[in-house]
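What follows is a single structure, written as structure tokens, with notes after it.
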Amino acid sequence: NSTEVAAQEDLEFTLLAHSSAIAFWRPVQQGMEDAAEQLGVSVNFTGPAQMDHGQQVAMIENQISAGVDGIGTTITDPSAYNNIVQEALDEGIPVVAFNADAEGNPRMAYIGQAPDTAGAAMGERIAELVGEGGSIVFLNEDPGHTDLEARTRGAQEVLDEYNISYESIDTTTDLSTAVSTIMDYYSGNPDIDGWFGVSATATEAAGLAVEQLDLAGEVYAGGFDLTPTTLEAIQDGYAQFTMDQHPYLQGYYTVHALYLYHKYAIDPVDIDTGGGIVDQSNVNDVIDLSADGYR
Amino acid sequence: MPENIIEFKNITKRFGGTTALDQVSFTAKKGEVTGLIGENGAGKSTLIKICGGVIEPNEGQVFYEGEEIKIESPRMAEKLGISIVHQELPICENMTVAQNIFLGPDIPGGKIFPDKKFMHKRTKELFSRLNIEIPVNKLVSKCSLGQKQMIIIAKSLARDANFVLMDEPTTALSPDEIDVLYDVLQRLTEEGISVLFVSHRLNEVIKVSDRICALKDGKYVGDISKDEATEDKLASMMVGRDVETISKKASVAKEDKILEVKNLNQEKIGLKDISFNLKKGEVLGFAGLQGAGRSELARTLIGNFKLDSGEIYLKGEKVDINSPKKAIEYGIGYLPEDRGNLGLFKKLDVKTNLCIANIDNLSNYYMVNNKKIRETTNKFKDQLDIKLRSISQNIDSLSGGNQQKVLLARWLSLQPEILILDEPTRGIDVGTKNEIRKLIIDLVEKGYSIIMISSEMTELLSIADRILVMSRGHITGEFTREEATEEKIMKAAVQETLL
Amino acid sequence: MSDVQSKNNLLKDKSLQIVKRREFGVFLALVLISAFFSFMSGSFLTYRNFINILRQTAELGIMTVGMTMLITSQEFDLSVGSMYALGPVVAGTMVLELGLNIWIAAFLTILIGAVLGMLNGTITLKFGIPSFITTLGTMMLFRGTILMISDGWPVSGLPDSNFYGIFGGRFSFEIFEGRFINIPMQAVWFIIVVILGYIILQKSKFGYKIYATGGNREAAELSGINTVKVKMICFIMTSVTAVFAGFTSLSYLGSVSPTQGQGMELQVIAASVIGGTALFGGSGSIVGAFLGAAIMGVVRNGLSLMGTGAYVQQALIGLIIVSAVIVNVQYSKNE
Amino acid sequence: MSDVQSKNNLLKDKSLQIVKRREFGVFLALVLISAFFSFMSGSFLTYRNFINILRQTAELGIMTVGMTMLITSQEFDLSVGSMYALGPVVAGTMVLELGLNIWIAAFLTILIGAVLGMLNGTITLKFGIPSFITTLGTMMLFRGTILMISDGWPVSGLPDSNFYGIFGGRFSFEIFEGRFINIPMQAVWFIIVVILGYIILQKSKFGYKIYATGGNREAAELSGINTVKVKMICFIMTSVTAVFAGFTSLSYLGSVSPTQGQGMELQVIAASVIGGTALFGGSGSIVGAFLGAAIMGVVRNGLSLMGTGAYVQQALIGLIIVSAVIVNVQYSKNE
Ligand SMILES: Nc1ncnc2c1ncn2[C@@H]1O[C@H](COP(=O)(O)OP(=O)(O)OP(=O)(O)O)[C@@H](O)[C@H]1O
Ligand SMILES: Nc1ncnc2c1ncn2[C@@H]1O[C@H](COP(=O)(O)OP(=O)(O)OP(=O)(O)O)[C@@H](O)[C@H]1O
Ligand SMILES: [Mg+2]
Ligand SMILES: [Mg+2]
């Protein structure tokens with residue numbers, strides 16, 4: 001591998017995220033920008049506004065022809081990104097996956113959380129809350145989104161062990177519709193023990209629905225990702241927990257990995273950023289940091 | 001061989017509450033021209049549509065060439081050799097003239113591709129036979145109404161039909177074109193082709209038909225042979241009583257010029273150096289062949305088309321009329337000739353169609369006053385004898401002539417000081433034509449001034465105080481009523497530009 | 001006889017008239033769908049759920065009123081989903097960043113909404129480009145702009161104000177001693193907007209001009225109607241209703257995300273068309289729009305009550321919408 | 001003189017004709033946009049990027065061809081985005097679950113696509129409901145169905161077959177010794193579909209009937225054209241092109257997700273309208289559709305080459321699309 005040590009100042013990386021127009025990516029971008037500033041490289045953040053593999057692959061293709069020095073991308077499909085990543089590598093452009101990964105993809109490393117383990121962790125937490133034999137519903141804002149499906153499946157496996165019954169409903173990505181959907185579901189299923197989002201908007205809606213229905217303490221809510229609405233809900237006791245995957249690190253380490261590859265020919269290595277849970281006990285520590293875009 | 005090309009036996013057709021045809025038994029003979037007359041709404045178009053497979057009768061039998069048959073679709077009619085000129089002139093404006101001529105289930109050419117050369121050649125042949133000068137490549141949306149009518153007539157002749165039905169084919173044609181049509185009909189009958197001909201111009205009907213049948217209120221009245229027919233007889237057959245014709249009226253025009261147009265030019269549509277004036281209380285007629293530019297002149301006057309140069313004075317004051325809205329504010333109203341495209345709101349009911357231009361006056365502040373709307377509508381319904389079931393009926397379900405009356409009423413209700421009427425009696429029956437003439441006389445007596453564009457020479461001669469003749473965008477003649485004759489007008493109308 | 005009889009006849013006539021109204025087909029479809037859901041879920045036919053549906057339909061419904069007028073004038077607006085997010089994001093940002101009072105911020109934002117509606121109208125009418133494209137463009141432009149303004153982050157944590165109560169709270173009144181009725185303000189505003197829309201489109205002279213413009217633009221011009229002005233006002237009304245719908249959502253949820261309302265444009269147009277508005281202009285009714293929005297709301301509500309799984313839900317919504325329109329059209333045909 | 005001169009004149013005439021074609025305005029817009037991007041990014045004006053754009057536009061472009069014919073016949077299809085996912089999901093599932101050969105599976109799926117297009121057509125034409133609603137409904141119905149079929153999971157890991165090479169691979173040929181040219185098959189199929197579409201719509205008898213049906217349905221019907229059949233075939237062609245576009249995507253990516261193509265319907269319609277198709281039927285051109293799709297593709301490609309952030313990108317896409325259409329319309333007006 002004959003990477004030159006020189007001219008790091010000119011290094012330019014691009015990070016691509018699926019459905020890039022949502023709030024989730026703000027800490028990722030923050031971490032990415034902080035790293036870029038520290039290292040003196042330039043980075044772009046882009047991606048299709050809504051998940052679309054064809055379009056994201058095309059964007060990677062364009063980055064290759066634009067000749068960037070490194071690519072970070074989310075990989076949200078088992079095989080759609082295999083060829084294009086290989087193409088980049090063949091051109092000598094390092095590729096690191098962040099946030100979402102697929103087995104068998106030739107990318108050099110994955111920096112992020114494993115969705116099924118994160119799902120399993122959430123399952124454990126749910127089981128703790130509702131206890132053996134309860135019934136809950138998963139809130140999926142984007143049915144067919146691999147990561148969300150994987151989280152759901154991870155959690156379901158755990159719930160099966162505890163004999164907790166579950167269903168999964170479509171809340172849509174619209175917050176207001178999502179809240180209404182949950183409220184309606186509750187009207188039809190008043191015996192439910194809790195509802196849990198598998199991504200940001202659905203989780204926000206979970207807390208808001210508890211608030212609107214005035215069910216704090218009767219029905220549990222929780223889910224994924226740190227957004228102000230969710231954190232406030234945890235603070236106020238409408239929601240119990242949210243799974244943290246440290247998105248800041250996903251941006252930060254990805255830039256570092258690409259940089260170190262160029263500077264010292266260090267091949268990128270996998271980094272697990274997952275595992276954190278935010279609940280009543282630590283919500284006050286993170287809420288301001290989240291508002292500033294670090295958590 | 002059967003003697004009748006088509007025979008109706010006790011045909012009844014109802015539309016909701018309206019009985020359009022009531023136990024009609026009717027025949028058209030082979031190789032003859034059968035004339036069909038009747039008041040507006042009598043059921044003529046309905047009868048034709050049944051022959052064309054557009055609508056199916058509720059009761060009764062149809063025999064075609066002696067055999068009982070149900071004509072289920074226009075496709076089937078086409079296969080049977082029936083070819084129709086519909087009253088509403090259905091045409092694809094987005095396509096060229098030649099494409100429209102050959103529009104149908106079987107476009108000439110191979111299995112996949114059309115034969116454009118053949119189509120152009122045939123169209124040119126047809127046009128020269130009909131004396132039409134329209135480029136075959138022209139988009140129909142750029143053609144004038146008269147041209148559209150000629151195209152549709154040409155289209156009906158383009159296929160080898162046994163039976164040609166024409167529903168008011170002459171309403172937008174000028175005398176010389178009608179003469180050509182006479183010749184064509186003559187030739188068709190010589191070739192053994194049968195023709196059904198509908199018109200409200202009774203002299204025309206007598207001239208072309210071998211036999212004339214009449215409908216009244218959906219019932220068959222009877223028939224009369226060419227030799228027996230006179231205009232009066234026909235009129236009383238269809239109206240059920242004698243019809244008086246309004247003779248010439250005395251001029252009430254004053255000397256003050258209410259409208260004066262100086263050196264008006266409009267390059268794009270070819271109006272050149274037009275100057276004329278209109279006096280208060282005058283009926284000013286405009287004659288000319290189709291495509292002479294009369295409609296375009298009218299639409300330029302009311303600001304619908306922008307003029308390139310020239311001045312317009314109203315009561316001596318120079319005005320800048322840049323939109324029809326402005327024209328209405330200045331007291332100028334325009335009844336367009338193209339009913340379907342420029343007049344009707346086909347999704348709206350009769351009363352809204354009638355009152356829309358006058359809606360500001362029929363409202364209290366911002367709210368529409370339904371009572372006033374109903375009163376106005378009912379007033380004109382009686383005055384113009386508009387045949388309808390309810391004033392809330394959709395305008396689309398009225399017969400063509402009755403639609404025209406509603407549009408006319410739209411402008412009469414507004415009472416503009418200057419009223420421009422473009423072919424106002426298009427498709428209107430004899431009885432009502434007289435009513436309209438009376439109305440016009442009434443209006444000018446009250447001091448209104450009227451510009452009347454008409455292709456019906458007799459109408460102009462009987463009612464206009466002064467007649468201007470246009471040819472190719474120029475004014476080529478001016479006659480007072482006393483001087484005017486058909487010959488003089490025709491001569492000016494075909495005159496090539498002087499300069 | 002006669003006095004009673006004629007009164008009876010009159011009554012008969014009146015009720016017959018209602019059955020003959022063109023909105024009756026939509027109403028019938030709504031009744032059939034509701035019957036289906038009452039049968040499937042015991043909680044459907046309750047007062048509480050009825051109020052829920054009204055509230056949940058409010059945002060879509062308010063936007064449908066504006067859109068119905070616009071479509072009737074023969075134009076489209078695909079940017080309503082973005083406007084629906086833009087309103088509260090801009091107003092919220094004004095409050096948080098500039099320290100404005102929410103009432104003032106909301107007022108200014110309504111003005112901005114009107115100006116953006118005018119922008120849609122001006123591009124469409126001045127340059128003569130199809131409004132489908134204009135508003136597809138501004139849909140993306142507005143969405144990108146609010147993402148930039150908000151940095152992709154939800155706007156929340158606004159200081160308290162009676163504003164939120166008035167547009168998103170509940171309106172309580174006592175019917176008996178101690179017994180209160182709670183009506184969500186969103187539902188109240190929905191009804192108010194529907195009534196206003198009804199008056200404008202179906203009773204005012206401006207409404208007549210909308211129908212004429214959409215039915216046959218050239219004939220309308222020749223009848224002295226300034227069709228550019230009519231369409232422009234319809235564009236503005238559509239934008240303003242979308243911004244207003246956004247305010248009720250902000251008031252109810254206390255938060256607004258910049259991605260809110262994506263894909264809503266199709267639902268709004270659908271509600272309008274289900275309610276009998278002709279996609280190509282010239283005919284539309286606000287009562288129909290109301291019923292169309294209600295159908296959309298009832299379907300979602302009913303399926304959620306039944307706890308339909310995520311995958312099946314989409315399929316069923318599609319199926320039911322098509323069936324509703326078939327019922328409507330078949331009914332109207334038989335008339 | 002004369003022979004040379006007349007030839008010159010002929011040439012002049014020919015080139016004038018091209019400038020006067022109505023598609024020239026769209027072409028001009030495309031050129032302006034491309035000039036802008038060449039200026040902004042050095043990598044834009046390269047052979048490699050040109051090929052990339054063709055490939056990246058292929059799926060949208062193929063669907064635009066079908067849609068253009070359908071819109072010209074005065075109908076819409078909002079279900080194309082779902083059909084685009086349905087094709088490969090169904091074919092892939094047949095391969096994985098039933099062990100069918102991909103060629104057979106693809107053939108069967110094309111048939112299914114045709115049947116579903118016929119379903120869209122039948123509901124629309126038989127019941128007389130607006131195709132906007134029919135296909136909004138089937139859009140959701142189809143999407144829900146594929147989610148059920150695939151259980152929300154992407155379909156991938158299909159056994160090797162030459163199928164994927166033919167529809168999504170690269171076509172290489174030697175121009176000099178040792179120098180190869182690689183053309184992505186998606187681009188090749190795109191061109192083939194455009195040519196076929198051009199022949200059907202603008203050269204064939206059937207094309208005449210499409211224009212007539214969309215221009216004035218009543219007139220077409222009275223002329224003896226079976227407008228129901230014409231529209232039905234257009235519905236089928238639209239569905240089939242969508243399924244086919246899905247196959248090229250599957251072949252290129254080796255995988256298909258059941259959410260693929262959401263929101264694509266608006267883009268497809270937009271490409272068609274940018275290319276000059278009248279939204280209300282009766283006028284449309286395949287060359288225009290090709291250029292319209294190319295504009296959409298170039299804008300996306302150029303912005304992504306420039307590394308524009310996600311938020312700004314949306315806003316700019318909107319802005320550029322509107323500008324493109326303004327250029328086109330202004331140019332046509334001056335003609
Ligand atoms: N689609 C329809 N729905 C309801 N009524 C209709 C419809 N078509 C025609 N009618 C009614 O049937 C009657 C006969 O109409 P028709 O068009 O045949 O008259 P016509 O003799 O051709 O009159 P005109 O001379 O005015 O053209 C009229 O009263 C008309 O209102
Ligand atoms: N929109 C248009 N664009 C270009 N040319 C047009 C347009 N409309 C009409 N013309 C042309 O203008 C000429 C004048 O037509 P106009 O309708 O004024 O004639 P007219 O004297 O009223 O005769 P008639 O109405 O009986 O055909 C015609 O040759 C017509 O082809
Ligand atoms: Mg008639
Ligand atoms: Mg004329």
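Just so you know, these numbers come straight off a predicted model, no measurement behind them. Naming: A, B, ... by sequence-line order, numbering from 1 per chain.
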- Option in D:I269, D:I321, D:T135 with maximal non-hydrogen atom pairs under 4.5 Å from chain C: D:I269

- Item | Toward chain C, the part of D:I133 with a non-hydrogen atom under 4.5 Å | both

- Leading residue by heavy atom contact count with chain D [cutoff under 4.5 Å; candidates C:G309, C:G281, C:G144, C:G263]: C:G144

- Message: Among D:T145, D:D151, D:N328, D:I317, which residue has the highest count of heavy-atom pairs closer than 4.5 Å to chain C?
- Response: D:D151

- Task: Please state whether the rings of D:F76 and C:F280 are parallel, tilted or perpendicular, taking 30° and 60° as the class boundaries.
- Result: tilted

- Message: Any non-hydrogen side-chain atom of D:F235 less than 4.5 Å from a side-chain atom of D:S131?
- Response: yes

- Message: For chain D, which candidate among C:I326, C:I146, C:I320, C:T138 shows the most heavy-atom pairs at distances under 4.5 Å?
- Response: C:I326

- Segment of D:F142 engaging chain C (4.5 angstrom heavy-atom cut-off): neither

- Do you know which of D:L279, D:I274, D:L319 has the most heavy-atom pairs under 4.5 Å to chain C? D:L279

- Query: Do you see a donor-acceptor pair shorter than 3.5 Å between the side chains of C:T308 and C:Q313?
  - Reply: no

- Message: Given heavy-atom pairs under 4.5 angstrom as the criterion, report whether the side chain, backbone, both or neither of D:E265 touches chain C.
- Response: side chain

- Taking atom SG of C:C234 and atom CG of C:N120, what is their separation to the nearest 0.5 Å? 13.0 Å

- Item | Check: C:T227/C:E221 side-chain N/O donor and acceptor closer than 3.5 Å | yes

- Message: Under a 4.5 Å cutoff for heavy-atom pairs, which residue among C:A278, C:G128, C:G137 has the most contacts with chain D?
- Response: C:G137

- Let me know if C:I123 has heavy atoms under 4.5 Å from chain D in its side chain, its backbone, both or neither. side chain

- Message: Within the 3.5 Å criterion, strictly below it, is a donor on D:T124 or D:T134 matched to an acceptor on the partner's side chain?
- Response: yes

- Query: CD1/C:I71 to OG/C:S283 distance, rounded to the nearest 0.5 angstrom?
  - Reply: 10.5 Å

- Message: Does any backbone or side-chain atom of D:V329 lie under 4.5 Å from a heavy atom of chain C? Answer side chain, backbone, both or neither.
- Response: side chain

- Message: For a quick check under 3.5 Å, do D:T64 and D:S272 share a side-chain donor-acceptor pair by atom type?
- Response: no

- Message: Using a 4.5 angstrom heavy-atom cutoff, name the option from D:Q74, D:Q267, D:Q314 with the most pairs to chain C.
- Response: D:Q314

